[in-house]
Undergrad: 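Below is the structure I would like to discuss, written out as structure tokens.
Bear in mind that the values here come from a model prediction, so they are computed numbers and not experimental data. Each chain gets a letter, A, B and so on, in the order the sequences are listed, and its residues count up from 1.
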Amino acid sequence: MADPIVYVAQRMAVAFAKVGGSLADGIDTAVRQSDRADAQVNGSLALAKAMGATPRDIAIKILEVAELKDVCSSAEVAGPGFINLTFANDFLARELVVASTSEKLGVRKVASSRRVVIDYSAPNVAKEMHVGHLRSTVIGDALVRMLMFVGNTVVRENHVGDWGTPFGMLIEHLVDLGETNAAEELSVGDLDSFYRGARKKFDGSEEFQIRARTRVVALQSGDAETLRLWKLLVAESTRYFQTIYETLGVLLQDSDVMGESAYNALLPQVAQRLSDLGLLTNSDGADVVFPEGFTNRENQPLPLIIRKTDGGYNYATSDLACVIDRVERLDSSLLLYVVGAPQAQHLQMVAAVAKQAGWLQSPREMVHVAFGNVLGADRKMLKTRSGDTIKLDALLTEAVERAAAAVAEKNPELSADTRNEISRIVGIGAVKYADLSTDRIKDYTFDWERMLSFDGNTSPYLQYAHARICSIFRRANVDRASVRKVIPKIEHKAERELAMRVLQFDSALWDTIEKYSPHRLCTYLYDLASSFSSFYEQCSVLKADTDDQRSSRLMLCDLTARVMQAGLDVLGIEAPEQM
RNA sequence: GCCCUUGUAGCUCAGUGGAUAGAGCACCGGACUUCUAAUCCGUUGGUCGUAGGUUCGACUCCUACCAAGGGCGCCA
């Protein structure tokens, strides 16, 4: 609990209770950041209303009973009854040491650890990963990391599209090409041309269509040879996905794959259990559930289709099987779905049915972590100039190339190896940060220039701040760990601003986790980098006036760098020591 | 037709019921014999889509409308 605002909030809550008694119960006593002081408390206005008193009088009473001597250098009533707080510098210094010497840099651990399942990335077998998979993968990875950071158990699940009617067509195409040739085409990552080849045959040949349909039946009935060919397709594809994940630097591994096919055996059980519960009804030949509150175009109840007229199951059934599996097998209490915003209604219906069936009882919850599209400069879905989807592979390669050009220009004396490594970190980081740094629910505009810029809210700017700190320690020839118990002396305005910012890591990270919104942490890290850059200009570390001042500033630098590094790390972004 | 999301500076975006709505880019003006100038400091720029309502107080909550995007029965 290093964050002074969090710390003082407890003292204020006590003071409100003392003044207001039971009338203070529903009152928002929150302490907030302020541009008038370090923090402000506004609850006195609401409490005054409840008590029928004047806000300023209440604020004065609150200040009379609030224990703030050891933490605030000033606490005064302002305006209509706001309380402005200024933290004492020695209090800030103590909290900095708490943060510096704590394992998680002052970040509170989760009160009770949860088992969280995160469903994200979800590419399709035998299809290229494209820019559409970027957001799910990057946002999901960041959430995994931050949930783990505060002490949750996180289960990653990559719900790859590895089942369904297209596989008849794909397997027949595989047979036509010959296994060796097909495996080669797939292994080099040319999944699109494989898929297109199959599609073209399917559209152009009736004979092929018949073969494909026959093959689907064989696949679903568990024909050994068909399954062998299917596994070949899946294995080559997942191997390729893994290369992308490694380039991207996300935690997903082969063992995290829980494809649609993994739930096949459960599908009849889902239907049976819904039937046993009396929730299943037959409608136009299909078995469906009508969850309450959903209507179609004609204002009729909207069904979730469990079993199609032809007896097959579809994705709603599979998604319900997922819920059952995640709750009953994994005992997960929080199910996160990092899935595009258009799926909102579908997921709401799945959740509604799962609740009706008793599979998703409070406090277990299912949360749709929805996100918008990646747009091009034309404000339409990002495409190549010729109108094709952009392969993720090509996008990441270009990011590293562009970063390399910038690094070569700005820091030409680096060795080739170092330059390549930094280019990779900067390029990939820029793409991920651009995706993470705006509110996920909105569409965002993809812009190379902006994301690779060293000005503004970009990963290179944050990485640069970190690298500058590392540079100071290299020059000073001081071991980073040696300054971590120094009690800093906060004197300069810029030091104070930086100190305040560093201490907010805890609340910034928690705010981000509670809203599943990585951009909040990005905003914080950008503010941190800005505060540091300003400090750096105004407060010389190596040429400090005194040894005390120097070690104090070194302590502040080290802590800033560690917070920056940890913050970037939970976003899935690396922080190089030089740039 | 119903439902969901979005609408904030010229552009890209932040903004937790609280005081005077903030950044970056762009524009203009400053600061490098200096711990990395890949930076910093300053100026300019707003009917917060529109109109009502709730509230001591609304960019924030509610209602209606406008605009853009998306969803709405056997694809996933």
Side-chain angles (χ1 to χ4, degrees), chain A residues 28 30 32-36 40-43 45-46 48-49 55 78-82 84 122 124 159 161 163-166 260 283-288 293-300 302-310 312-316 318-319 340-346 348-349 370 372-373 375 379-380 406-407 409-411 426 437-439 441-445 447 449-450 452-458 460-461 463-465 467-476 511 515 519-520 522-523 526-527 530 533-544 553 557 578-579:
Chain A
D28 177 18
R32 299 172 204 283
Q33 284 182 60
S34 169
D35 45 357
R36 306 288 182 101
Q40 64 179 14
V41 185
N42 310 320
L45 278 81
K49 176 89 178 162
F82 300 114
N84 286 345
N124 293 306
H159 197 68
W163 203 253
T165 46
E260 288 162 11
S283 171
D284 297 340
D287 290 330
V288 308
F294 295 89
T295 54
N296 67 8
R297 242 176 268 270
E298 283 78 40
N299 222 16
Q300 305 294 319
L302 185 65
L304 192 67
I305 295 174
I306 303 302
R307 187 159 44 203
K308 298 184 286 184
T309 307
D310 67 3
Y313 300 100
N314 65 0
Y315 76 132
S318 177
D319 284 343
Q343 300 283 336
Q345 189 185 51
H346 167 71
Q348 275 168 21
M349 290 178 76
N373 296 314
L375 305 180
R379 300 294 299 173
K380 291 180 183 162
V407 173
E409 184 198 328
K410 304 292 185 186
N411 209 345
V426 171
S437 60
T438 60
D439 192 353
I441 198 63
K442 297 183 183 176
D443 295 346
Y444 86 90
T445 311
D447 182 337
E449 293 281 318
R450 196 165 59 246
L452 281 162
S453 166
F454 297 86
D455 293 302
N457 189 8
T458 69
Y461 179 72
Q463 289 167 329
Y464 179 58
R468 281 172 128 180
I469 297 173
C470 294
S471 174
I472 291 174
F473 279 92
R474 271 197 305 274
R475 297 247 172 194
D511 183 41
K515 296 188 168 70
H519 84 282
R520 289 176 170 270
C522 294
T523 302
Y526 173 59
D527 289 340
S530 300
S533 297
S534 187
F535 160 84
Y536 183 90
E537 292 289 326
Q538 297 173 62
C539 302
S540 182
V541 178
L542 299 182
K543 290 176 187 163
R553 286 179 178 172
C557 281
Q578 55 176 330
M579 287 175 73

Undergrad: Starting the side chain at C-beta, find the nucleotide from B/A38, B/C35, B/G18 nearest to A/V407.
TA: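 Given the options B/A38, B/C35, B/G18, the side chain of A/V407 is closest to B/A38.
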Undergrad: Starting from P on B/U20, measure out to CG on A/N84 and report it in whole angstrom.
TA: 13 Å
Undergrad: How close or far is atom C1' of B/A37 from atom CE of A/M579, stated in whole angstroms?
TA: 14 Å
Undergrad: Rounded off to whole Å, could you give me the CD-to-C1' distance for the A/E537 and B/U36 pair?
TA: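 A/E537 atom CD is separated from B/U36 atom C1' by 11 Å.
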Undergrad: Just checking A/Y526: base, sugar-phosphate only, or nothing, at a heavy-atom cut-off of under 4.0 Å?
TA: sugar-phosphate
Undergrad: Just call it for A/C539: base, sugar-phosphate, or nothing, with non-hydrogen atoms closer than 4.0 Å on any strand.
TA: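 The residue A/C539 makes base contact.
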Undergrad: Do you know the tightest heavy-atom contact between A/F535 and A/C557?
TA: CE2-SG, 3.8 Å
Undergrad: With a 4.5 Å limit on heavy-atom distance, are the side chains of A/L45 and A/F82 in contact?
TA: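 With C-beta onward as the side chain, the pair touches.
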Undergrad: I'd like the C1' distance from B/C48 over to B/G22, given in whole Å.
TA: 12 Å
Undergrad: If I take atom CG in residue A/D447 and atom C1' in nucleotide B/C11, what distance separates them, rounded to the nearest angstrom?
TA: 10 Å
Undergrad: Pick the P atom in B/U20 and in B/G24, then give their distance to the nearest Å.
TA: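 The same atom, P, in both gives a distance of 23 Å.
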Undergrad: So, taking the atom named CG in A/D28 and the one named CG in A/N42, what distance separates them when rounded to the nearest 0.5 Å?
TA: 8.0 Å
Undergrad: For a side-chain hydrogen bond (donor to acceptor under 3.5 Å, both in side chains) check, start with the C-alpha distance between A/S533 and A/Y461, then their side-chain angles and the critical distance, and finish with the verdict.
TA: CA-CA 10 Å; A/S533 297; A/Y461 179 72; 3.2 Å; yes
Undergrad: Under 4.0 Å, heavy atoms only, any strand: does A/Q578 hit a base, just the sugar-phosphate, or nothing?
TA: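 It contacts base atoms.
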Undergrad: Considering only atom C1', compute the distance from B/G57 to B/U50 and round it to an integer number of Å.
TA: 22 Å
Undergrad: What is the distance from atom CG of A/L375 to atom CG of A/D443, rounded to the nearest 0.5 Å?
TA: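 Separation between the atoms: 4.5 Å.
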Undergrad: Using the P atom in both, what is the distance from B/G46 to B/A23, to the nearest Å?
TA: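 Comparing P positions in B/G46 and B/A23 gives a spacing of 15 Å.
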Undergrad: If we take the P atom in both B/C59 and B/U8, what is their distance in whole Å?
TA: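 Comparing P positions in B/C59 and B/U8 gives a spacing of 15 Å.
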Undergrad: On RNA chain B, compare the nucleotides closest to A/P460 and A/Q348; which residue's is nearer the 5' end?
TA: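 It is A/Q348 whose nearest nucleotide is closer to the 5' end.
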Undergrad: Could you tell me the separation between the CG atom of A/L375 and the C1' atom of B/C11, rounded to a whole number of Å?
TA: 15 Å
Undergrad: CG of A/N373 to NZ of A/K442: how many Å apart, nearest 0.5 Å?
TA: 14.5 Å
Undergrad: Determine whether A/V541 and A/F473 satisfy the following criterion, side chain to side chain contact (heavy atoms under 4.5 Å, CB included), listing intermediate values before the conclusion.
TA: CA-CA 10 Å; A/V541 178; A/F473 279 92; over 6 Å; no
Undergrad: Taking atom C1' in both B/C61 and B/U55, compute the distance separating them and give it to the nearest angstrom.
TA: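 To the nearest whole Å, 10 Å.
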Undergrad: Counting the atoms with a prime plus P, OP1 and OP2 as sugar-phosphate, which does A/L45 contact under 4.0 Å by heavy atoms, base, sugar-phosphate, or nothing?
TA: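 Base, at least one base heavy atom under 4.0 Å.
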Undergrad: What integer distance in Å separates A/Q538:CD from B/C40:P?
TA: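 Result: 11 Å.
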Undergrad: Counting C-beta onward and ignoring hydrogens, is there a side-chain heavy-atom pair between A/H346 and A/L304 closer than 4.5 Å?
TA: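 In contact.
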Undergrad: Show your working on side chain to side chain contact (heavy atoms under 4.5 Å, CB included) between A/H519 and A/Y444 and close with a plain yes or no.
TA: CA-CA 12 Å; A/H519 84 282; A/Y444 86 90; over 6 Å; no
Undergrad: Do the non-hydrogen side-chain atoms of A/Y464 and A/V426 ever get within less than 4.5 Å of each other?
TA: no
Undergrad: Name all stems that contain residues of RNA chain B, defined as runs of 3 or more consecutive Watson-Crick or G-U wobble pairs, both distances under 3.5 Å.
TA: B:1-7 with B:66-72, B:10-13 with B:22-25, B:28-31 with B:39-42, B:49-53 with B:61-65
Undergrad: For A/S534 and B/C41, is the shortest distance between a side-chain N/O and OP1 or OP2 below 4.0 Å?
TA: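 The answer is yes; a side-chain N or O of A/S534 sits under 4.0 Å from OP1 or OP2.
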Undergrad: If I pick the C1' atom on B/G42 and the same atom on B/U33, what distance separates them, to the nearest angstrom?
TA: 25 Å
Undergrad: Please tell me if A/R468 has a side-chain N or O lying less than 4.0 Å from either OP1 or OP2 of B/A37.
TA: yes
Undergrad: Tell me: CE of A/M349 to C1' of B/C3, nearest whole Å?
TA: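 Distance check: A/M349 CE to B/C3 C1' gives 12 Å.
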Undergrad: Give one of base, sugar-phosphate or nothing for A/A78, where a contact means two heavy atoms less than 4.0 Å apart.
TA: base
Undergrad: Using the P atom in both, what is the distance from B/C27 to B/C35, to the nearest Å?
TA: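 These two P atoms come out 30 Å apart once rounded.
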Undergrad: When you compare the side chain of A/I472 with that of A/R553, does any pair of heavy atoms fall below 4.5 Å?
TA: no
Undergrad: May I ask you to say what A/D28 touches in the nucleic acid, namely base, sugar-phosphate or nothing, with a heavy-atom cut-off under 4.0 Å?
TA: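 Result for A/D28 = nothing.
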Undergrad: Contact between A/R379 and A/T445 at the side-chain level, heavy atoms closer than 4.5 Å - yes or no?
TA: yes
Undergrad: Show your working on side chain to side chain contact (heavy atoms under 4.5 Å, CB included) between A/F294 and A/Q345 and close with a plain yes or no.
TA: CA-CA 9 Å; A/F294 295 89; A/Q345 189 185 51; 4.2 Å; yes
Undergrad: Distances under 3.5 Å only, N/O to N/O: pair up the protein atoms with those of nucleotides 12-16 of chain B.
TA:
residue: B/U12; atom: O2'; partner: A/R450; partner atom: NE; Å: 3.1
residue: B/U12; atom: O2'; partner: A/R450; partner atom: NH2; Å: 2.9
residue: B/C13; atom: OP1; partner: A/T445; partner atom: N; Å: 3.2
residue: B/C13; atom: OP1; partner: A/T445; partner atom: OG1; Å: 3.2
residue: B/A14; atom: OP1; partner: A/D439; partner atom: N; Å: 2.4
residue: B/A14; atom: OP2; partner: A/K442; partner atom: NZ; Å: 2.7
residue: B/G15; atom: OP1; partner: A/H519; partner atom: NE2; Å: 2.8
residue: B/U16; atom: OP1; partner: A/R520; partner atom: NH2; Å: 2.9
residue: B/U16; atom: O2; partner: A/R32; partner atom: NH1; Å: 2.8

Undergrad: Would you mind telling me which of B/U5, B/C35, B/G18 lies closest to the side-chain atoms of A/V541?
TA: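 Looking only at heavy atoms from C-beta outward on A/V541, the closest nucleotide is B/C35.
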Undergrad: Between protein and nucleotides 71-76 of chain B, what N or O pairs are separated by less than 3.5 Å?
TA:
residue: B/G71; atom: O2'; partner: A/Q345; partner atom: OE1; Å: 3.2
residue: B/C72; atom: N4; partner: A/R297; partner atom: NH1; Å: 3.4
residue: B/G73; atom: N1; partner: A/S283; partner atom: OG; Å: 2.7
residue: B/G73; atom: N2; partner: A/S283; partner atom: O; Å: 3.0
residue: B/G73; atom: N2; partner: A/S283; partner atom: OG; Å: 3.1
residue: B/C74; atom: O2; partner: A/T309; partner atom: N; Å: 2.9
residue: B/C74; atom: O2; partner: A/T309; partner atom: OG1; Å: 3.1
residue: B/C74; atom: N3; partner: A/T309; partner atom: OG1; Å: 2.8
residue: B/C74; atom: N4; partner: A/D284; partner atom: O; Å: 2.9
residue: B/A76; atom: O3'; partner: A/E260; partner atom: OE1; Å: 3.0
residue: B/A76; atom: O3'; partner: A/E260; partner atom: OE2; Å: 2.6
residue: B/A76; atom: N6; partner: A/Y315; partner atom: OH; Å: 2.3

Undergrad: Please report, rounded to the nearest Å, how far the P atom of B/A38 is from the CD atom of A/E409.
TA: 10 Å
Undergrad: Can you tell me how far CE of A/M579 sits from CD of A/Q463, rounded to the nearest 0.5 angstrom?
TA: 5.0 Å
Undergrad: Syn if the chi torsion is within 90° of 0, anti otherwise; quick check, which is B/C4?
TA: anti
